[in-house]
Protein chains: 2
Amino acid sequence: MRSTSSNARDRILTAANKLFYAEGIRAVSLDTIAAKAGITKKTVYYHFKSKDDLIEAYLVSRDQPNLELFRSWFEAAEGGLPDKVQAIFQNIAASARHPKWKGCGFLRTAAELANMPGHPAMKVGAAHKKKFEAWMAEEFQAAGRELAPYPAHDLARHVMLLLDGAFSTILVHRDAAYAEAAGEAARVLVAGALGGASQRA
Amino acid sequence: MRSTSSNARDRILTAANKLFYAEGIRAVSLDTIAAKAGITKKTVYYHFKSKDDLIEAYLVSRDQPNLELFRSWFEAAEGGLPDKVQAIFQNIAASARHPKWKGCGFLRTAAELANMPGHPAMKVGAAHKKKFEAWMAEEFQAAGRELAPYPAHDLARHVMLLLDGAFSTILVHRDAAYAEAAGEAARVLVAGALGGASQRA
DNA sequence: TGAAGTATATTCACTGGTGAGTATACTTTG
DNA sequence: CAAAGTATACTCACCAGTGAATATACTTCA
């Protein structure tokens, strides 16, 4: 049994999650993370081979939970496809009103690591965003062929662009209303693709 | 004559521009900037009261030039409103293919300073984005009342969201094609707002 | 006019503190 | 016991910001 070990590893990852997300990757030292996890820095280096490694692990740990969250918002929403897509944005708006909200960890990490394109964490971020896009495309595909002249994967990409635009813009303005605006735009695109007259909310 | 003075200040600002943009705000030290500017760190502190102050000056110096660039792309484009809007995105795609391109300096700075909401540089960034949005709204307003059920300022905000989405997404994937996708989405929205059938490229 | 004084601009050398990462030794537990 | 896990205590590099001194140019007024 390596229960103690995993405990330490988990505590490190939990601390890293909170601190990296709250303060940013470069603003947080391993000393601070170790302190928050209640262990020594050397123990951090026992479980992770470098800070970059821990950054990568941080993003890996967020991948599935974030996607699940989007999925649950989408599924819980009443109404048609436009409504379900819009619901994602409305939920983001709600999240963004919490004072601890600091944007999308993947996007912020990508911004901080823009000078290290090959960084392993970048790959995790890119994969995460691709998964979101692919999932959206699936949903659109499943929802019917009515969107013929507007391929599902194009529409999915456009929605994803609006989503990341919302994340970035809210962060700049500190105003969750931008997520609602993005939701309306997404709604217009999806409704339009479905061939129906684009009924706006 | 204070020519020497302005020279030093300008050199500092030029060096800060290049380094902050290329490496990120927190990754660059004032020692590095001073070295690049060919002066002493103390001289940096003579002209700027702190690193934060220099960060702010960096963004201030980018505000007008960036807006001018967008404007020039828009004006140079042939065709109607949808084409002119789309042209902005196409030009961003072209810029993004240069190896030195590292996204939008305002967005990346906002991501790095997410833990300091009141930071002066954040205000500069927010003001910059607002100017872009306001300019777009003006253009839409001027272009006619035909977009009745889709208020010009809503449409402007949607275009801005797509733009920032493009900036972020290109950075994550290192693929300028996302700007083209965003441009198509913007084209669909603008064309749709004009009441015409949304003819896609 | 020119000497004395003052503001501007710059340098060298430093401080206190923090950063990532490590050498070594202790401790737990199967 | 031996291996996994953790701690103490350290290195060396860097960083934001400063103290004290100096050089240059502009201003004042005897």
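Not measured: the values here are computed from a predicted model. Note on naming: letters A, B, ... go to the chains in the order of the sequence lines (proteins, then strands), and numbering restarts at 1 for each one.
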task: Determine: side-chain N/O of B/Thr43 to OP1/OP2 of C/dT10, distance under 4.0 Å, yes or no.
output: no
Margin query: Against the six-membered ring of B/Tyr46, is B/Arg9 placed for a cation-pi contact (under 6.0 Å from the centre, within 45° of the normal)?
Written below: no
Nearest-nucleotide check on DNA chain C, B/Asp31 vs A/Asp31; residue mapping nearer the 5' end is B/Asp31
Is there a side-chain contact between A/Leu162 and B/Leu162, using heavy atoms and a 4.5 Å cut-off? yes
A/Ile39 CD1 to D/dT6 C1', in whole Å, measures 9 Å
Atom CG of B/Asp52 and atom P of D/dC15 are separated, to the nearest Å, by 16 Å
- Query: Are any of B/His47's side-chain N or O atoms less than 4.0 Å away from OP1 or OP2 of C/dT8?
  - Reply: no
5'-most contact on DNA chain C (nearest-nucleotide basis), A/Lys41 vs B/Lys41, goes to B/Lys41
*Have a look at B/Val44 and say if it touches a base, only the backbone sugar-phosphate, or nothing, with a 4.0 Å heavy-atom cut-off.*
nothing
With a non-hydrogen cut-off below 4.0 angstrom, is B/Ser29 in contact with a base, only sugar-phosphate, or nothing?
-> sugar-phosphate
Which is it for A/Glu180 and A/Arg97 under the salt bridge (charged side-chain N to carboxylate O under 4.0 Å, His left out) test, yes or no, and what are the steps along the way?
CA-CA 12 Å; A/Glu180 275 143 15; A/Arg97 295 189 217 278; 2.5 Å; yes
Between CZ of B/Phe20 and C1' of D/dA16 the distance, given in whole Å, is 12 Å
- Message: Measuring to OP1 and OP2 of C/dG21, would you say a side-chain N or O of A/Tyr45 lies under 4.0 angstrom away?
- Response: yes
Applying a 4.0 Å non-hydrogen cut-off, can you work out what A/Lys42 is touching in the nucleic acid: base, sugar-phosphate, or nothing? base
Taken to the nearest whole Å, CZ/A/Phe48 to C1'/D/dG5 is 14 Å
*Can you check whether B/Tyr46 has a side-chain N or O nearer than 4.0 Å to OP1 or OP2 of C/dT10?*
no
Rounded to whole Å, CZ of A/Arg11 lies from C1' of D/dG5 at a distance of 12 Å
Here the distance between atom C1' of D/dG17 and atom CD1 of B/Ile33, to the nearest Å, is 14 Å
Whole-Å distance, A/Ile25 CD1 to C/dA20 P, equals 12 Å
Notebook entry, point to check: Just checking, A/Arg62 and A/Phe20: is the charged tip under 6.0 Å from the six-membered ring centre and within 45° of the axis?
Noted result: no
| field | Row check, A/Phe167 ring normal vs A/Arg108 NZ/CZ: under 6.0 Å, within 45° | value | no
To the nearest angstrom, the CD1-P distance between A/Ile12 and D/dA7 comes to 9 Å
